[in-house]
Participant: 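Before I ask anything, let me first share the structure, which is written out below as structure tokens.
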Protein chains: 2
Amino acid sequence: MEEAAALLKQKGLKVTPQRLAILNLLRNTKEHPTAETIYKKLASDFPTMSLATVYKTLEVLKNMGLIQELNVGEGSFRYDANTNSHPHVVCISCGKVEDLDESLLKDVLDEISQHTDYKLVEQKLYFYGYCPACQHKLNN
Amino acid sequence: MEEAAALLKQKGLKVTPQRLAILNLLRNTKEHPTAETIYKKLASDFPTMSLATVYKTLEVLKNMGLIQELNVGEGSFRYDANTNSHPHVVCISCGKVEDLDESLLKDVLDEISQHTDYKLVEQKLYFYGYCPACQHKLNN
DNA sequence: GTGAATGCAAATCATTTGCACTCTT
DNA sequence: AAGAGTGCAAATGATTTGCATTCAC
């Protein structure tokens with residue numbers, strides 16, 4: 001696991017405390033937070049940081065390939081420091097978003113490629129259902 | 001192909017000219033238009049119709065299961081009168097969005113189900129690449 | 001006639017932008 | 001010192017909401 005600071009430098013980006021905080025937060029969570037969520041989580045450590053900075057930073061990190069943007073069908077984007085193309089599962093009861101293993105993609109992609117005349121370069125796969133915890137709740 | 005009017009009635013909805021126009025437009029296109037696009041296309045026939053009505057109507061039709069909402073990762077939603085869960089391909093050059101065959105889903109779903117403890121009920125699969133026309137353009 | 005649907009304008013929400021100021025390099 | 005990055009406030013764009021009017025039933 002490389003240092004966030006090193007990653008920023010490699011990309012020729014200035015290493016600011018805000019960027020470090022945002023990148024590290026994303027690298028240490030599995031929650032796929034939105035810009036708003038990131039902003040709130042960092043508010044205590046960076047009381048002067050503005051939401052605009054969060055958005056600008058996310059934009060930069062995305063363009064540099066350090067994070068990816070998800071759109072699960074809500075009104076807003078979520079962010080993921082795992083930049084491998086991997087499927088996601090969304091719990092339609094509690095809203096949680098989890099990763100699925102990247103390896104599941106290979107076969108899918110092969111099959112789709114054979115059935116379209118598009119030259120595919122990327123994909124976003126979202127599955128919706130009930131997470132184990134919510135399945136329990138609903139059965140009571 | 002059932003009549004749009006009949007579909008609305010079946011769902012207990014009042015049959016208004018605006019609803020008919022919107023539903024028919026969606027049922028007769030493969031373009032996956034946004035609310036804005038729908039509004040513009042109908043502007044000549046319904047000069048007094050407001051964008052708010054388009055949004056309200058889309059909301060109702062979606063809730064009744066007569067159309068589905070797509071989110072290809074743009075800033076806005078697109079709508080599709082094909083309510084079967086089917087994958088979509090997006091051309092990253094011209095922005096076109098096309099349907100893929102529903103049958104491609106079965107295997108995908110089976111495989112994913114085996115690898116997650118979520119109880120899946122739905123999915124949204126978006127593939128991104130270059131459509132045949134754009135492949136040509138780019139090769140010149 | 002009655003309640004649901006429409007149309008307008010105002011409101012909201014996520015995201016973006018402009019610009020002066022402040023840091024990293 | 002120079003330019004990139006930040007923070008604020010204002011702008012934008014998509015979508016939603018409130019409410020009076022109109023229309024489908």
Side-chain angles (χ1 to χ4, degrees), chain A residues 3-25 32-64 66-79 95, chain B residues 3-23 25 32-40 42-64 66-79 95:
Chain A
E3 280 271 0
L7 288 172
L8 291 173
K9 267 184 201 148
Q10 277 172 32
K11 299 289 182 178
L13 298 172
K14 288 193 177 164
V15 181
T16 67
Q18 295 88 333
R19 285 182 176 169
L20 277 179
I22 292 171
L23 184 51
N24 276 325
L25 184 153
H32 310 86
T34 62
E36 184 75 32
T37 308
I38 294 170
Y39 175 66
K40 285 182 183 152
K41 290 207 178 183
L42 295 178
S44 50
D45 291 338
F46 298 84
T48 71
M49 182 168 60
S50 75
L51 232 197
T53 296
V54 175
Y55 276 110
K56 284 172 185 167
T57 301
L58 290 170
E59 171 80 11
V60 169
L61 297 178
K62 179 181 64 173
N63 290 339
M64 288 308 185
L66 294 175
I67 62 174
Q68 69 170 305
E69 196 173 60
L70 309 186
N71 198 322
V72 158
E74 304 160 316
S76 50
F77 291 105
R78 287 168 175 266
Y79 296 88
Chain B
E3 281 271 0
L7 288 171
L8 291 172
K9 266 183 200 149
Q10 275 172 34
K11 300 288 183 179
L13 298 173
K14 286 191 179 167
V15 180
T16 68
Q18 294 89 333
R19 285 181 175 169
L20 276 179
I22 293 170
L23 183 51
L25 184 154
H32 310 85
T34 61
E36 184 75 32
T37 308
I38 294 169
Y39 174 65
K40 285 182 183 152
L42 295 178
S44 50
D45 290 338
F46 298 85
T48 70
M49 181 168 61
S50 75
L51 233 197
T53 297
V54 176
Y55 276 110
K56 284 171 186 166
T57 301
L58 290 170
E59 171 80 12
V60 169
L61 296 179
K62 178 181 65 174
N63 291 339
M64 289 307 185
L66 294 175
I67 63 174
Q68 69 170 303
E69 196 173 61
L70 309 186
N71 198 323
V72 158
E74 304 160 315
S76 50
F77 291 104
R78 287 168 175 265
Y79 297 87

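Residue numbering restarts at 1 for every chain, and letters A, B, ... go by the order of the sequence lines.
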Participant: With rounding to the nearest 0.5 angstrom, report the CG to CD1 distance, B:Leu23 to B:Ile38.
Facilitator: 10.0 Å

Participant: Nearest whole Å is fine: how far is C:dA5 P from B:Leu61 CG?
Facilitator: 11 Å

Participant: Please report, rounded to the nearest Å, how far the P atom of D:dT6 is from the CG atom of A:Leu58.
Facilitator: 11 Å

Participant: With the threshold set at 4.0 Å, does a side-chain nitrogen-carboxylate oxygen contact exist between A:Glu59 and A:Lys56?
Facilitator: no

Participant: What is the separation between atom CZ on B:Phe46 and atom P on D:dC23, rounded to the nearest whole Å?
Facilitator: 13 Å

Participant: When you check the phosphate oxygens OP1 and OP2 of C:dT16, does a side-chain N or O of A:Tyr55 lie under 4.0 Å from one of them?
Facilitator: no

Participant: Please determine whether a side-chain nitrogen or oxygen atom of B:Thr48 lies at a distance below 4.0 Å from atom OP1 or OP2 of C:dG7.
Facilitator: yes

Participant: Starting at CG of A:Leu8 and ending at P of C:dT24, how long is that distance when rounded to a whole Å?
Facilitator: 13 Å

Participant: Say you draw a straight line from CD of B:Glu69 to CG of B:Asn63; how long is it, rounded to the nearest 0.5 Å?
Facilitator: 9.0 Å

Participant: Starting at CG of A:Leu58, measure out to CG of A:Leu66 and round the result to the nearest 0.5 Å.
Facilitator: 11.5 Å

Participant: Whole Å only: how far is the NZ atom of A:Lys14 from the P atom of D:dA1?
Facilitator: 15 Å

Participant: Students often get this wrong, so: under 4.0 angstrom with heavy atoms, is B:Pro47 touching a base, only sugar-phosphate, or nothing?
Facilitator: nothing

Participant: Measure from the side chain of B:Arg19, starting at C-beta and using heavy atoms only, and say which of D:dA24, C:dA9, C:dA5 lies closest.
Facilitator: C:dA5

Participant: Looking at D:dG7, I'd like to know if its phosphate oxygens (OP1 or OP2) sit under 4.0 Å from a side-chain N or O belonging to A:Gln18.
Facilitator: yes

Participant: Assign each of A:Leu13 and B:Lys9 to its nearest nucleotide of DNA chain D by heavy atoms, then name whichever residue's nucleotide is nearer the 5' end.
Facilitator: A:Leu13

Participant: Roughly how far, to the nearest 0.5 Å, is the CG atom of B:Leu61 from the NZ atom of B:Lys11?
Facilitator: 10.5 Å

Participant: B:Glu59 has an atom CD; how far is it from atom P of C:dA5, in whole Å?
Facilitator: 13 Å

Participant: May I ask you to say what B:Val60 touches in the nucleic acid, namely base, sugar-phosphate or nothing, with a heavy-atom cut-off under 4.0 Å?
Facilitator: nothing

Participant: Any base atoms under 4.0 Å from B:Thr16, or only sugar-phosphate, or nothing? Heavy atoms, all strands.
Facilitator: sugar-phosphate

Participant: Atom NZ of B:Lys11 and atom P of D:dA24: how far apart are they, to the nearest Å?
Facilitator: 22 Å

Participant: OP1 or OP2 of C:dG7 sitting under 4.0 Å from any side-chain N/O of B:Thr53?
Facilitator: yes

Participant: In whole Å, I'd like the distance from the CG atom of B:Asn63 to the C1' atom of D:dT16.
Facilitator: 14 Å

